[in-house]
Amino acid sequence: MQSPSPATSHEDLRAIVSDHMHLEGPMLPMLHAIQADFGYIPEDAISVIADMLNMTRAEVYGVVTFYHDFRKAPAGRHVVRICRAEACQSVGGTALSEAALARLGIGWGGTTANGAVTVEPVYCLGLCACGPAAMVDGKVVGRLDAARLDALLAEAGA
Amino acid sequence: MKIYIPMDSAAKALGADDVADAVKAGLAERGIEAQIIRNGTRGMIWLEPLVEIDSGEGRIAYGPVNAQDVPALLDGKMDSLGRVEDIPFFARQTRLTFQRCGVIDPLDLAAYEAHGGLAGLRRAAAMTGPRIVEETTTSGLRGRGGAGFPTGIKWKTVCEAEADQKYIVCNADEGDSGTFADRMIMEGDPFSLIEGMAIAGLGVGATKGYVYLRSEYPDAIRVMNAAVEIARAQGVLGADIAGSGRAFDMEIRVGAGAYVCGEETSLLNSLEGKRGVVRAKPPLPALEGFLGKPTVVNNVISLATVPVIFEKGAQHYADFGLGRSRGTVTLQIAGNVARGGLFETAFGISLGEVVEDIAGGTRSGRPVKAVQVGGPLGAYMPREKFDTPMGYEEFDQNGGLIGHAGLVIFDDSADMLQMARFAMVFCAVESCGKCTPCRIGATRGVETIDRIARGDTAATGLLTDLCETMKEGSLCALGGFTPFPVMSALTHFPDDFATRKEAAE
């Protein structure tokens, strides 16, 4: 992972935050835009947002850490989100994901040693009539079985 | 010739994009002139990808089609399912809210209009706000998100509130497992939601709307954003909507993975850019909602049903249903199911008829053990409760709740102690932390169920007591309703909680 130089990142952050200042309730759109650009929420972002929205850093930190989506560190090159909710459980989702994690030697939220894949839990993708379901970098997959999931993980470089 | 291939994410998850590519290539190879239309889904998910071919004699369905089947499909060598409207699962439905879903290209506003769209908005544009609210009340529409609160009453409160700014907020944070109706309508007929929000705006005097859409639905986010732009360009949104002389505009906002934000006050905090913690009520959001202003917060399906109510008249809608549950319920049949999908029908159909007859039982072919109705906060209904009619009061009387009308079917291999444990785990993961019964209770609940699993029968009383505390003492439905799945599992499936003890002895 290449990290941008601090000066550039600070300016970029201010630019992203400025773009959203006109919105009502701008914080979440700002954080989404920052994460889309940087891949995570850099610590610097908290000061920049706090400064520009006239809030304390503690308040901004509180918001960032409340939501599952915002990362404090970059993820692997690919993110595989596997549904853990009831509908997927009813068709064997639990055994499927546990076996996959065991094979990769990581836990939920973990990244493979080669930095290729982060596996995250997700509670429902709305694919409840065609589970077990997963999402690979925003692309949905349904009716997963062990072979299919292995193929997806291998394709992602895990 | 027209070829319809769904772009709904359930269809895509089963390979619809590959099918579309193969069809395009196959047509070129054969020199066949045909128009490919990416429609929404008809909701028969077990048949997805469901391809429809219209050669002038109706839309003939084929499915499930995978990319390898495409040559046979184009050469007329694949067996058809007949006309799509004649497939029993579809033919038995009453499609009002979902009348256009799967029929048209979701982003084709002209097709939307040709199929009855915008008629409701035009009618509403000629009415006063209070008259619009009255029409909504007459329809008997109740909140489809789960609470079942009469939509017209909520609108009346906002309509009568005095303020310089009012808002329409659509709750599209459909986080309940087993539910996908919101996703399906946003991906398959987004203009119906936009039209519904515009009518709500005219009704209560709100000029601005937000859709709070969960981040787990990237396809729905893309379609909704595109639809809003088209609607704005065509004057459906803007300074003078549908010639009413009144303004309404809206934005799509993306959630960030917090289940609790499906609770309306938590959603409003999140929309304002705060932690998604629950607010105490009162004040009601209808009086002090988004940024402290009077706000209508309605679920996607409630709002997307408004256009058909105004198109066909409130009485037409109210004539469907049972008791105080008027109109149609958009059942989502999910989990371990033979024929899963969306089934829109008048309230009153029994749970057993849906599960055994319409859905055809389990996908695994094993007997149905339980059906969780209403998402992670809904009760596990055993077979003995299968005669319960789908209706808000009817489910309440039988110890359950309809919620967002998702049904998750489990076969006899399900371990109900594990399902009860998961309900507590989920509550602990997703608790916003505002109130103690939910924040601490969920974690203690997991520990207590683990004690039961180890054969400690005394813990059963403790679990019952804990559930009572969570139910009575929590601020919102997350802590307050988690006892539904837990206690229903314990009450209806005692064997799953007892066998471990015997095994331990």
Side-chain angles (χ1 to χ4, degrees), chain A residues 20 23-33 35-36 41 49 53 55 59-71 81 83-94 108 120-144, chain B residues 9-10 12-14 45-46 48 174-180 182-184 208 210 215-220 251 253-259 270-277 290-291 332-337 340-342 363-364 372 375-376 406 408-411 414 419 422 426 429-430 432:
Chain A
H20 296 86
L23 298 176
E24 293 179 310
M27 178 91 87
L28 258 59
M30 284 173 181
L31 291 170
H32 276 304
Q35 182 148 302
I41 307 294
I49 294 174
L53 291 182
M55 295 168 81
E59 280 174 294
V60 180
Y61 181 83
V63 173
V64 174
T65 53
F66 182 85
Y67 297 96
H68 298 304
D69 279 5
F70 301 125
R71 312 170 194 287
R81 308 176 82 186
C83 181
R84 294 187 76 182
E86 290 90 339
C88 287
Q89 288 184 35
S90 76
V91 282
T94 309
W108 287 110
E120 292 181 339
V122 60
Y123 293 96
C124 199
L125 295 165
L127 303 172
C128 317
C130 55
M135 186 181 274
V136 183
D137 298 331
K139 191 169 175 271
V140 286
V141 200
R143 263 184 230 139
L144 273 176
Chain B
S9 51
K12 286 165 75 168
L14 299 171
I45 306 300
W46 82 99
E48 292 290 357
E174 180 180 54
D176 290 353
S177 177
T179 64
F180 45 83
D182 295 358
R183 180 186 63 63
M184 212 176 119
K208 179 89 204 201
Y210 291 96
S215 63
E216 291 86 345
Y217 286 175
D219 291 289
E251 270 177 50
R253 286 292 176 85
V254 179
Y259 174 76
S270 183
L271 199 58
E272 289 179 9
K274 299 173 182 157
R275 290 165 66 85
V277 289
F290 183 55
L291 301 173
Q332 299 129 83
I333 312 171
N336 193 333
V337 58
L342 184 122
R363 190 199 294 175
S364 62
Q372 187 178 29
V408 179
I409 298 171
F410 291 81
D411 73 10
M419 297 320 297
F422 176 78
F426 184 72
V429 170
E430 298 296 339
C432 81

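The figures here come from the full heavy-atom set of this structure, side chains too, leaving out hydrogens, waters and symmetry mates. A note on names: the letters A, B, ... follow the listed sequences, proteins ahead of strands, and every chain is numbered from 1.
Chosen from B:Asp176, B:Leu14, B:Val408, the residue pairing most often with chain A at heavy-atom distances under 4.5 Å is B:Leu14. Per-residue counts of heavy-atom pairs under 4.5 Å with chain B were compared for A:Val140, A:Leu144, A:Val141; the largest is that of A:Val140. In terms of heavy-atom pairs under 4.5 Å with chain B, the best-connected choice from A:Leu31, A:Thr65, A:Val60, A:Val91 is A:Val91. Ranked by heavy-atom pairs under 4.5 Å with chain A, the first of B:Arg183, B:Lys12, B:Glu272 is B:Arg183. Contacts with chain B were tallied for A:Gln89, A:Met135, A:Met30; A:Gln89 has the most, counting heavy-atom pairs under 4.5 Å. Note on A:Gly93, A:Ala85, A:Pro26: by heavy-atom pairs under 4.5 Å with chain B, the leading option is A:Ala85. Note on A:Gly138, A:Gly62, A:Pro132, A:Gly92: by heavy-atom pairs under 4.5 Å with chain B, the leading option is A:Gly62. Comparing B:Pro376, B:Gly175, B:Ser215, B:Pro218 by heavy-atom pairs within less than 4.5 Å of chain A, the highest count is held by B:Pro376. The most heavy-atom pairs under 4.5 Å with chain A, out of B:Ala258, B:Ala220, B:Gly257, come from B:Gly257. Chain B forms more heavy-atom pairs under 4.5 Å with one residue of A:Gly25, A:Ser90, A:Cys83 than with any other, namely A:Ser90. With chain A as the partner, the residue from B:Gly273, B:Ala13, B:Gly340 showing the most heavy-atom pairs under 4.5 Å is B:Ala13.
For a residue to count as touching a neighbouring chain, one of its non-hydrogen atoms must lie under 4.5 Å from one of that chain's; by this rule B:Ser364 does not touch chain A. There is no contact between B:Ala414 and chain A, counting heavy-atom distances below 4.5 Å. For a residue to count as touching a neighbouring chain, one of its non-hydrogen atoms must lie under 4.5 Å from one of that chain's; by this rule A:Leu53 does not touch chain B. When heavy atoms are compared at a cutoff of 4.5 Å, A:Val122 approaches chain B solely by way of its side chain, counted from C-beta outward.
Taking every heavy atom of both residues into account, A:Tyr67 and B:Gly276 meet most closely at OH-N, 3.2 Å. Between B:Gly178 and A:Cys128, the closest heavy-atom pair is N-SG, 3.1 Å.
You'll find the side chain of A:Leu23 reaches within 4.5 Å of the side chain of B:Glu251, heavy atoms only. The closest side-chain heavy-atom distance from B:Phe410 to A:Glu86 is below 4.5 Å. Within the 4.5 Å cutoff, the side chain of B:Leu291 has heavy atoms near those of the A:Glu24 side chain. Using a 4.5 Å cut-off on side-chain heavy atoms (C-beta onward), B:Phe180 and A:Leu125 make no contact.
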Practice item. Before giving the answer on side chain to side chain contact (heavy atoms under 4.5 Å, CB included), spell out for B:Arg275 and A:Met27 the whole-Å C-alpha distance, their side-chain angles and the decisive distance to 0.1 Å. Key: CA-CA 10 Å; B:Arg275 290 165 66 85; A:Met27 178 91 87; over 6 Å; no
Exercise for review: Would you please test A:Glu59 and B:Lys274 for side chain to side chain contact (heavy atoms under 4.5 Å, CB included) and show each step?
Suggested key: CA-CA 8 Å; A:Glu59 280 174 294; B:Lys274 299 173 182 157; over 6 Å; no
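Between the A:His32 side chain and the B:Val254 main chain, a donor and an acceptor come within less than 3.5 Å of each other. Between the side chain of B:Ser177 and the backbone N or O of A:Cys124 there is no donor-acceptor pair closer than 3.5 Å.
Ring pair B:Phe422/A:Tyr123 is tilted by interplanar angle, where 30° to 60° counts as tilted.
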